[in-house]
Every structure is written in structure tokens, then in C-alpha cells.
There are 2 protein chains.
Amino acid sequence: MDDHTNVLELNLGLGSNLGGLHVGQSPRQRCPAPFLLKTYDLLEEGEAENSTKIVSWNAEGTAFVVWSPAEFSELTLPRYFKHNNFSSFIRQLNTYGFKKTSSKIWEFKHEKFKRGCRQMLGEITRKKCEPSVFPAYLKSCSEENATSSTEDKNEQQLMEENKNLKKERLELQMQIDECKALEIKLLACLSQFMDTHQNKVRKLC
Amino acid sequence: MDDHTNVLELNLGLGSNLGGLHVGQSPRQRCPAPFLLKTYDLLEEGEAENSTKIVSWNAEGTAFVVWSPAEFSELTLPRYFKHNNFSSFIRQLNTYGFKKTSSKIWEFKHEKFKRGCRQMLGEITRKKCEPSVFPAYLKSCSEENATSSTEDKNEQQLMEENKNLKKERLELQMQIDECKALEIKLLACLSQFMDTHQNKVRKLC
DNA sequence: GGGAATATTCCC
DNA sequence: GGGAATATTCCC
């Protein structure tokens, strides 16, 4: 769980600033959502196993199947997510546009979710639940802009943030000094108290 | 939790028709949010403990204090929530309108969050994030203010400095927490010492 | 402290 | 399957 979380956090942390890396890739490559990475990784892990399959890619690697929802929920989900509910997992699949392929088995499919194509996950987007105030014809416009809004802070913002951080540092340092001073007083108090205690006992004896 | 949502919906749907129960006027009583119930219960649980306090009501029961953020995050949070991040907990407190009362200790206060008043939690509401009429990317446009930049660090340097400052901030905060913990231990030590001292002197007399 | 994105839950 | 509320994360 810890390992896992760390990896997740690394992903999130680095992801935002990765924009410069990808070259002439396919459309709108961005850092894949954590949910997609986890789901993909959980399938990779499954590949390595010898035991009875809980979840796996289908034969062609074009979809994946949850063979045992019960075990999947109880054993697999909590190692990747903060819950063990199959329905929450499915809710996420739907959010990212996966389709159930069959009424008989739990097979899910997405055009951009295929075995061996981890990098393609970046092309999968959440379905937006736009504030209904906007007419449909404005959506594409707002999406466009959201995408192109670069993560880069400009110098102005950086300097501002910088200034605030320094101020904060000063305040924290002052808090520490206060703490330390109090600590010294307490220690002095304690030691003095021990002295007088000794003396009293000595006198009484 | 099931109960909760049902009652809520009844309230919303039927308006005021829920209770032959309510007397004069209890303003908009609804079922408290899970976050509030958990936070309240976690304090009740703390009351029962004998060991060093991690978190507790203040003396008057009008606010609560996280005495040891480190232990609170590691031990308490995961038993009530799906995470162990102090900052996520604080984010929720802010969402529900709690105020930090002091820059020195982690004390939080809300008018409707008091010891012995579990039923009053129903009056606490989430702050709404009003769906603004304009998309986020237009907002900055209207707020635009041109401050002139006269510093001559380049962006690279600024970002670097920035990153380091944040790291430093974290370390300072941790130092403070440590100091605070030590302070508490010293006080406990002192008080215990005074007790035994009294006893010894008494016996000798 | 709070805005906004993503995750989880609950309900239809 | 998806709308909507709440929770968690990330960032400013």
C-alpha cells in the first residue's frame, strides 16, 4: 500500500510538469489519470501470476475481464484504490468511457486501453459533467482552452509565490525559536526543581 | 450512511414536513455529513483514553486541538477516513467552515461544533462552490493586474528556489511538531516529578 | 484557505 | 450507465 501510494504520488507530482517530453505523438497526449494507470498496472501484475486468474486481458489484449468480481473486490481493489467496492470501480470505468462488452461476463473495453499500450492511456479523458449552464456548442471551446493552459507559472507568479514562501519561512522560524525558548525554560524549571527536591530530602533525613 | 441520505432527500424534497418532532425552530436540521460525525466521534473516543492525548476537545469544549499531528495522521486518520494526510483533513475542516484559532497550536473551531452537541452537527453545511457563470480560464482575465517585475532572477532560478523553499517549509513544520511533542513530554515529566516529590516529602515527615 | 480535478459513494 | 453529493488530492 505504501509502495503503491508512493508511486502514485510520484506520478501525480511529475505528471503536471511533463509537458515538454512528448514529441510528435498522437492527439492531445497528457499524463494519464491515476485511475487508468492503476487499472493498467493491475492487469500487468495479473499477467505474472500462475494461480487462477482473477482479472486479465482478453486473448487479443483489446479488453479486460474480471473473472471473479468477489475476489477482485476483496483482494485486488484495495491494493490499488481506497475502497473494495466493485461498483465504485465500474463507476470509474464508465466515467472514462469504457464499455461492458457482454451481458454474460465482466468484460470492459475502451478504444485506447489495450495491452502493451500504456502510453496510449494519456489519450483517454474523463467524460465531463459540464455545468449545464453552457450550451453544448461552447463545450469544445472551453475544453480546448483548458487543455492548452500550460502548467508553467510565469515569472510574476513565481516571484509572488517565492515572496510568500520566504515570509512563511520567517514565521515558522519564529515559532521554532519560541518553542526552543520554552523548552529551555522548562528544562531549567525541571532541573531547579530537582535540586530543591534533593535539598529538602537531605535536610529531612 | 444510508439513513443519512434518505433523511437528507426527504428534507430537500418535502421541505419542512419531516417532523412532528421539532419544537420551536431548530434551523434547518438535517443529517450531519459523514465527515462531521467521524470527527466528532474521534474526539469522543479520545476522551476515554488515558495515554498522552493525540487530539482532544479544549477545556471548554468549544474547539478541538490536534496535539500531535504526526500521530494523529498516522494512527487516528486512517481509522476514520480513507487517507492519512493531515492536510486533507484540514481541507475538509475548511470546507465545513472551521477556523484555526491560533498560529501556535492546531486548534480548530466552529460555532456549531461543540462537545456534547452531536445533534447540532446537522446545522453545519459545506461551503458551496458557486458554479460561476464563466469558465475558469476567463476569470484570470478579468482579475488581471500588471505589477512590474524588477527582479532579475530567471524562471529557472525562481523555480529552483521555489522548490527548495517548499521543502524547507515542510522541514520547519516538522521541527515545530517535534518541539511541541517534546514540550508536552517535558511538562508531563515535570508534573509527574512534582507528584512523587510531594509523596516522598510527606513520607519523610 | 480555497479552487479545481479526480475518486468514492449513493441513488435513480 | 450516469447525475450528483461528498471525499481526497494537488496546487495556488
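Chain letters run A, B, ... following the sequence lines, proteins first and then strands; every chain starts at 1.
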Exercise. How would you list, by chain and number, every residue that makes a side-chain contact (heavy atoms from CB on, under 4.5 Å) with Thr76(A), sequence neighbours excluded?
Worked result: Leu42(A), Ile54(A), Phe72(A), Tyr80(A)
Problem set entry | For Phe35(B), all residues meeting ring-ring contact (aromatic ring centres under 6.0 Å, His included), sequence neighbours excluded | Phe81(B), Phe89(B), Tyr96(B)
For this session: Nearest 0.5 Å please: distance from the NZ atom of Lys38(B) over to the CG atom of Leu43(B).
Result: 14.5 Å
For this session: Nearest whole angstrom, please: distance from the P of dT6(C) to the CG of Leu121(A).
Result: 14 Å
For this session: Can you pull out how bent the helix from dG1(C)-dC12(D) to dC12(C)-dG1(D) is, comparing the axes over its first five and last five pairs, to 10°?
Result: 0°
Exercise. In residues 84-94 of chain A, which residues come under 4.0 Å of DNA chain C by heavy atom?
Worked result: Asn85(A), Ser88(A), Arg91(A), Gln92(A)
Problem set entry | Partners passing salt bridge (Lys or Arg N to Asp or Glu O under 4.0 Å) against Glu111(A) (at least two apart in sequence or in another chain) | Lys114(A)
Problem set entry | Partner set under ring-ring contact (aromatic ring centres under 6.0 Å, His included) for Phe108(B), not counting sequence neighbours | Phe64(B)
For this session: Examine dG2(C): is either OP1 or OP2 under 4.0 Å from a nitrogen or oxygen in the side chain of Lys127(B)? Give yes or no.
Result: yes
Problem set entry | Under 4.0 angstrom between Lys82(B) side-chain N/O and dT9(C) OP1 or OP2 | yes
For this session: Could you check Ile90(B), Val55(B), Thr101(B) and say which one makes a side chain to side chain contact (heavy atoms under 4.5 Å, CB included) with Trp106(B)?
Result: Ile90(B)
Problem set entry | Under 4.0 angstrom between His83(B) side-chain N/O and dT9(D) OP1 or OP2 | yes
Problem set entry | Interatomic distance where CG belongs to Leu37(A) and C1' belongs to dA7(C) [whole Å] | 14 Å
For this session: Take the protein atom CZ of Phe81(B) and the nucleotide atom P of dT8(D), then report the distance between them rounded to whole Å.
Result: 7 Å
Exercise. Rounded to the Å, how far apart are Leu36(B) CG and dA5(D) C1'?
Worked result: 14 Å
Problem set entry | Test item: Lys99(B) and His110(B) side chains (from C-beta on) under 4.5 Å apart, heavy atoms | no
Exercise. Over how many whole Å does the gap from Tyr96(B) atom OH to dG1(C) atom C1' extend?
Worked result: 16 Å
Problem set entry | Non-hydrogen side-chain atoms of Leu121(B) and Lys112(B) separated by less than 4.5 Å | no
Problem set entry | Arg91(A) side chain to Thr95(A) side chain, donor-acceptor N/O pair below 3.5 angstrom | yes
Exercise. Tell me: NZ of Lys38(A) to P of dA7(C), nearest whole Å?
Worked result: 7 Å
Exercise. Between Arg126(B) (CZ) and dG3(C) (P), how many Å, whole number?
Worked result: 12 Å
